[in-house]
Amino acid sequence: MKETASKHVENFPIHSFQRALIDWFKTEGRDLPWRKDRDPYKVWVSEVMLQQTRVDTVIPYFHNFLERFPTIDDLASADEQTLLKAWEGLGYYSRVKNLHAAVKEVKSRYGGVVPKDKEAFSQLKGVGPYTTGAVLSIAYGLPLPAVDGNVMRVLSRIFLIEEDISKGRTKKLFEEIAQRIVSVDDPSSFNQGLMELGALICKPTNPACLLCPVKDFCIAYERGREKDLPVKTKGKKGKTIQMTAAVLQSTDGAKVLLRKRPSKGLLADLWEFPGEEQTGGDFTNMLTEYEQTLLKKHQITANLTEPLCHVEHVFSHLTWKINAFVGVVDRIMKETAELKMVAIDEIEHYPLPVPHQKIWKQYVLRRETEESDG
DNA sequence: AACTCGGGGAC
DNA sequence: GTCCCAGAGTT
């Protein structure tokens, strides 16, 4: 039996619901940085940053990013290294690369004006169904659905929809429903109101139904089933990778070796202290395996001198357990664009993955301690 | 349809 | 530990 939007929306008091939701959003909605004006560029940046990322995490990045790249022109002419540095720690780094490519296209093809047309905007890199609806409704007032995780949770409860929200088909159902109930008069407040409701009231666990402005419209609340929703299958847990990595110093200690990660895949184009997966067992073999691998891959003769720290980092789909060392590079056959010695005080200009930031912090701490001890 | 792609906060 | 967050691209 295929669920249809019509079946759920039929007899739903759309206008009363819209009024209750919008009124609540206008009085109780948070005063967030990207809500100060309707500049399509700022709205767009905020929506990209907010993909799979919490509001509190985004706020400082948003301020910094807009200070460095206030306009589409500024962003279009920035270099990727600078962009990645501004995105460092925010995760999902392809977001900023896609945004970069997209604003370049806006500049060249649309004269620097974010296109108001749904088809045109949604074809830009990194702009999917959610971002299309969010940006165009908030910045231009177009009555489009903007369905994210929050909205699926809210709507699953209001309409008592027990379909698995991790399925693509279910997301389409929610988009159809949202399209039918979105306010034509104020789609911006409506869409932001649904998301704000999900963030503040209709939370994943322990929803604050008594404070909810639309509880009278909510079938799950009426039947006491809000905690059963949404239905979502859990994904499989990721694997663990044991790694060896090292801060490899020049013999005079003025520089350390950095390696640029491949341009596709995990943490693409970020820099790291060379790390290798550790396949073998004991301590001695771990050091030997690492040194052999660097020699083979980069013609580098490295010598690990002392252990530095252990770093465990959990990604969405895998875990790194890094044994970090300090070492010395005896000889480099060739420095390349992806492998080079970098002065100590220049490291801060390179975008590093968070686990490698932790390694660097430990290394700096170690050096300072050694200096003060003589 | 299933995977990949970060990091952190709430519980 | 688990969940999941203002998701999109790739296969």
Side-chain angles (χ1 to χ4, degrees), chain A residues 25 29-30 32-35 43-62 84 87-99 101-102 122-139 144-154 164-172 174-175 178 188 190-200 202-206 227 230-239 261-270 311-320 351-358:
Chain A
F25 174 70
R30 291 167 292 181
L32 299 173
W34 43 89
R35 290 180 179 162
V43 173
W44 187 5
V45 170
S46 76
E47 291 302 340
V48 173
M49 285 188 171
L50 286 162
Q51 288 167 10
Q52 294 293 288
T53 312
R54 297 175 188 286
V55 165
D56 291 340
T57 303
V58 166
I59 288 174
Y61 284 92
F62 180 79
L84 285 171
W87 210 266
E88 180 188 59
L90 199 51
Y92 288 144
Y93 298 94
S94 64
R95 289 185 292 176
V96 74
K97 296 183 185 178
N98 288 334
L99 179 61
S122 63
Q123 281 172 19
L124 296 168
K125 281 199 171 62
V127 178
Y130 165 76
T131 305
T132 299
V135 172
L136 296 186
S137 67
I138 295 170
L144 297 172
V147 174
D148 66 345
N150 275 319
V151 173
M152 284 198 283
R153 183 174 59 256
V154 170
D164 185 349
I165 66 166
S166 60
K167 303 291 185 186
R169 179 69 193 83
T170 306
K171 193 191 173 191
K172 286 190 67 179
F174 283 118
E175 284 169 347
S188 170
F190 182 88
N191 282 338
Q192 292 186 83
L194 275 184
M195 294 186 275
E196 196 81 339
L197 194 64
L200 301 181
C202 198
K203 294 181 284 189
T205 57
N206 300 319
K227 289 187 177 179
V231 174
K232 183 177 184 181
T233 58
K234 39 188 153 232
K236 59 179 175 65
K237 63 172 191 287
K239 56 181 180 179
R261 294 180 58 83
S263 58
K264 290 187 184 301
L266 186 66
L267 303 167
D269 288 327
L270 272 65
V311 174
E312 184 171 328
H313 191 77
V314 179
F315 298 93
S316 305
H317 55 298
L318 61 92
T319 299
W320 278 359
L352 305 182
V354 166
H356 288 267
Q357 293 177 40
K358 293 175 180 170

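Residue numbering restarts at 1 for every chain, and letters A, B, ... go by the order of the sequence lines. Heavy-atom basis, side chains included; hydrogens, waters and symmetry copies ignored.
- The nearest whole Å value for the distance from the NZ atom in A/Lys171 to the C1' atom in C/dG9 is 12 Å.
- When all heavy atoms are compared, the tightest approach of A/Val354 to A/Gly89 is CG2-CA, 4.0 Å.
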*asked:* Does A/Tyr130 form a side-chain hydrogen bond (donor to acceptor under 3.5 Å, both in side chains) with A/Gln51? I'd like the steps, not just the answer.
replied: CA-CA 9 Å; A/Tyr130 165 76; A/Gln51 288 167 10; over 6 Å; no
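- The distance from atom NZ of A/Lys97 to atom C1' of C/dT10 is 15 Å, rounded to the nearest whole Å.
- Nucleotide C/dC4 holds its P atom 11 Å from the CE atom of A/Met152, rounded to whole Å.
- Counting to the nearest Å, the C1' atom of C/dC5 and the OH atom of A/Tyr130 are 11 Å from each other.
- Heavy atoms of A/Arg35 sit under 4.0 angstrom from at least one base atom.
- Heavy atoms of A/Thr131 sit under 4.0 angstrom from primed sugar atoms or phosphate atoms, though from no base atom.
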*How does each nucleotide of nucleotides 3-11 of chain B score, in 5' to 3' order, for protein heavy atoms under 4.0 Å: base (B), sugar-phosphate only (S), or none (-)?*
-SBBBBB--
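- Mapping A/Glu47 and A/Leu124 onto DNA chain C by nearest heavy atom places A/Glu47 closer to the 5' end of the strand.
- Residue contacts shown for A/Val127 are limited to sugar-phosphate atoms, with no base heavy atom under 4.0 Å away.
- Among the heavy atoms of the strands lying under 4.0 Å from A/Gly126 are primed sugar atoms or P, OP1, OP2 only; no base atom is included.
- Here the separation of C/dC4 from B/dG6, taken at their C1' atoms, is 13 Å to the nearest Å.
- Among the heavy atoms of the strands lying under 4.0 Å from A/Leu32 is at least one base atom, whether or not backbone atoms are also near.
- Sorted by first and then second residue, the salt bridge (charged side-chain N to carboxylate O under 4.0 Å, His left out) pairs involving residues 90-99 of chain A (not counting sequence neighbours) are A/Lys97-A/Asp269.
- Scored by the ring-ring contact (aromatic ring centres under 6.0 Å, His included) test, A/Tyr61 finds no partners at all (sequence neighbours excluded).
- With both ends at atom P, the span from B/dC11 to C/dA6 equals 13 Å, rounded to whole Å.
- Going from atom CG of A/Leu99 over to atom P of C/dG9 covers 12 Å, rounded to whole Å.
- Atom-to-atom distance recorded for A/Leu99:CG and A/Glu47:CD is 12.0 Å, nearest 0.5 angstrom.
- Between A/Asn206 and A/Lys227 the shortest side-chain heavy-atom distance falls below 4.5 Å.
- Side-chain atoms of A/Trp34 and A/Ile138, non-hydrogen and from C-beta on, never get closer than 4.5 Å to each other.
- Among the heavy atoms of the strands lying under 4.0 Å from A/Trp34 is at least one base atom, whether or not backbone atoms are also near.
- At the phosphate of C/dG9, neither OP1 nor OP2 sits under 4.0 Å from any side-chain N or O atom of A/Lys125.
- Between the P atom of C/dA6 and the CZ atom of A/Phe190 lies a distance of 17 Å, rounded to the nearest Å.
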